2 protein chains.
Amino acid sequence: MKGDNRLSRMLHVLVHMAQREGPVTSEEMAQMLNTNPVVVRRTMAGLRESGFVQAERGHGGGWRLARGLGDITLLDVYRAIDEPPLFSLRIAEDTPGCLVEQAVNAALDSELSAARERLLRRFGEITLAALAGDFERRWRASSKRATKA
Amino acid sequence: MKGDNRLSRMLHVLVHMAQREGPVTSEEMAQMLNTNPVVVRRTMAGLRESGFVQAERGHGGGWRLARGLGDITLLDVYRAIDEPPLFSLRIAEDTPGCLVEQAVNAALDSELSAARERLLRRFGEITLAALAGDFERRWRASSKRATKA
DNA sequence: ATGATTAGTAACTTTCGAAGTTGCGTGAGA
DNA sequence: TCTCACGCAACTTCGAAAGTTACTAATCAT
């Protein structure tokens with residue numbers, strides 16, 4: 001499976017938005033994500049509809065956070081981008097009447113559902129403020145190294 | 001992401017194999033999985049190389065279990081099919097030098113790794129015998145209904 | 001032997017969703 | 001009114017699993 005970058009990318013730009021004074025344009029975000037502004041707007045649309053960011057058009061426009069980083073969790077972002085599938089593993093329904101298949105699928109479904117639930121609970125406990133805090137630790141560490149040299 | 005049926009399908013055919021006397025051909029498995037014998041052989045190849053099944057060619061040939069269902073766990077099967085990615089979520093590496101990206105990715109990676117570890121540990125605790133047991137419960141339940149009627 | 005059967009495998013096509021791209025419309029400020 | 005920036009539809013590209021075709025290599029029945 002090829003994978004889905006959207007959650008990772010949205011978290012990235014949201015933390016960047018908090019580091020800046022004014023609004024951030026899709027063009028700037030596209031550079032951060034090494035992609036195209038349309039891709040950014042498409043994915044950000046969900047965050048806008050969920051009220052985590054606001055967009056303004058025209059001169060001086062762009063995107064702003066509508067809530068503090070401490071008020072947004074990874075779970076919020078995951079939901080805002082429409083809860084894409086978490087797992088690559090898919091449960092086959094090749095022979096729906098087969099009781100063996102049903103038994104196998106029940107077991108897999110039970111484990112995957114439990115794993116999903118645990119993971120999303122953790123996502124709900126992690127705010128973007130925590131990510132920003134980690135970023136600042138990394139930043140201080142790297143500027144210390146730079147100052148020494 | 002489109003998903004990956006291989007684990008689910010392999011579990012399905014392995015439990016079927018234990019329900020039968022002689023070997024099972026790829027053609028028969030393909031019918032169980034509603035697919036093509038080549039797809040079956042391709043995926044079963046990993047199980048053969050890992051020693052969970054044996055294949056014989058020619059008349060009366062086909063596939064046999066090389067170990068009891070109680071000796072094979074979901075984790076064994078997952079490993080035998082080459083440990084495909086568990087998650088659809090991918091961690092973006094769009095701007096490798098960016099400390100914000102690094103902080104986001106570290107958090108995601110940590111959660112996904114923990115979730116993977118927990119899930120695989122559970123897989124290691126579930127034998128195919130347990131799946132077969134559940135199948136038999138379902139079978140008895142359905143034949144009881146059939147007898148009543 | 002020889003013919004039928006079944007696995008092994010390479011090479012190619014199909015499928016499906018995320019990502020990327022193009023083009024045009026809309027609103028807002030200089 | 002010109003430019004900037006988002007909104008959005010429609011199309012193309014990309015990647016991996018699944019599916020298909022075609023052939024080879026064993027093995028057994030006759």
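Only a predicted model underlies this, so the values are computations on that prediction, with no experimental measurement involved. Below, chain A is the first sequence line, B the second, and so on; all start at residue 1.
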Original post:
Given that A:Thr43 and B:Glu27 both sit by DNA chain C, which one's nearest nucleotide is further toward the 5' end?
Top reply: B:Glu27

Original post:
Can you check the A:Gln54 CD to C:dG27 C1' distance for me, whole Å?
Top reply: 16 Å

Original post:
OP1 or OP2 of D:dA18 less than 4.0 angstrom from a side-chain nitrogen or oxygen of B:Thr35, does that happen here?
Top reply: no

Subject >> Short side-chain N/O contact from A:Arg48 to OP1 or OP2 of D:dC8, under 4.0 Å >> reply: yes

Original post:
Quick check: does any side chain N or O of A:Glu111 sit under 3.5 Å from a backbone N or O of B:Phe123, one acting as donor and the other as acceptor?
Top reply: no

Original post:
Backbone N or O of B:Val104 within a donor-acceptor pair of the A:Asp134 side chain at under 3.5 Å?
Top reply: no

Subject >> Sidechain-backbone polar pair: B:Asp76 side chain, B:Thr73 backbone, donor-acceptor under 3.5 Å >> reply: yes

**OP:** May I ask you to check whether over 12 heavy atoms, not counting those of B:Glu83, lie within 6.0 Å of atom CD?
**Re:** yes

Original post:
Side chain of A:Arg41: nearest nucleotide among D:dG7, D:dA18, C:dG20?
Top reply: D:dG7

Original post:
What integer distance in Å separates A:Asp82:CG from C:dA19:P?
Top reply: 13 Å

Subject >> Nearest-neighbour nucleotide for the B:Thr25 side chain, C:dT6, C:dG29, C:dT21 considered >> reply: C:dT6

Subject >> Atom-pair distance (CE on B:Met17; C1' on C:dA7), nearest Å >> reply: 13 Å

Subject >> 5′-ward residue of the pair A:Arg42/B:Trp63 relative to DNA chain C >> reply: B:Trp63

**OP:** Select one nucleotide: of D:dG19, C:dA19, D:dC8, the one nearest the side-chain heavy atoms of A:Val39.
**Re:** C:dA19

**OP:** Kindly say if A:Arg6 contacts the phosphate of C:dA18, meaning a side-chain N or O under 4.0 Å from OP1 or OP2.
**Re:** yes

**OP:** Among the candidates D:dC6, D:dA29, C:dG8, find the nucleotide nearest to the side-chain atoms of B:Arg57.
**Re:** C:dG8

Original post:
Between A:Arg64 (CZ) and D:dA5 (C1'), how many Å, whole number?
Top reply: 13 Å

Original post:
B:Asn36 has an atom CG; how far is it from atom P of C:dA7, in whole Å?
Top reply: 12 Å

Original post:
Under 4.0 Å between a side-chain N/O of B:Arg9 and OP1 or OP2 of D:dG19, yes or no?
Top reply: yes

Subject >> Gap between atoms CG and C1', on A:Asp94 and D:dA18 respectively (whole Å) >> reply: 11 Å

Original post:
Does B:Leu47 offer a backbone N or O that forms a donor-acceptor pair with the side chain of B:Ser50 under 3.5 Å?
Top reply: no

**OP:** Assign each of A:Gly60 and B:Gly60 to its nearest nucleotide of DNA chain D by heavy atoms, then name whichever residue's nucleotide is nearer the 5' end.
**Re:** A:Gly60

Subject >> Rounded distance (Å) that lies between atom P of D:dA16 and atom CZ of A:Phe87 >> reply: 21 Å

Original post:
Would one find a side-chain N or O of A:Ser26 under 4.0 angstrom from OP1 or OP2 of D:dA5?
Top reply: no

**OP:** Among D:dC6, D:dC28, D:dA22, find the nucleotide with the atom closest to the side chain of B:Val38.
**Re:** D:dA22

**OP:** Starting from C1' on C:dA7, measure out to CD on B:Glu49 and report it in whole angstrom.
**Re:** 13 Å

**OP:** Keeping the roles fixed (side chain from A:Gln54, backbone from A:Ala66), state whether a donor-acceptor pair exists under 3.5 Å.
**Re:** no

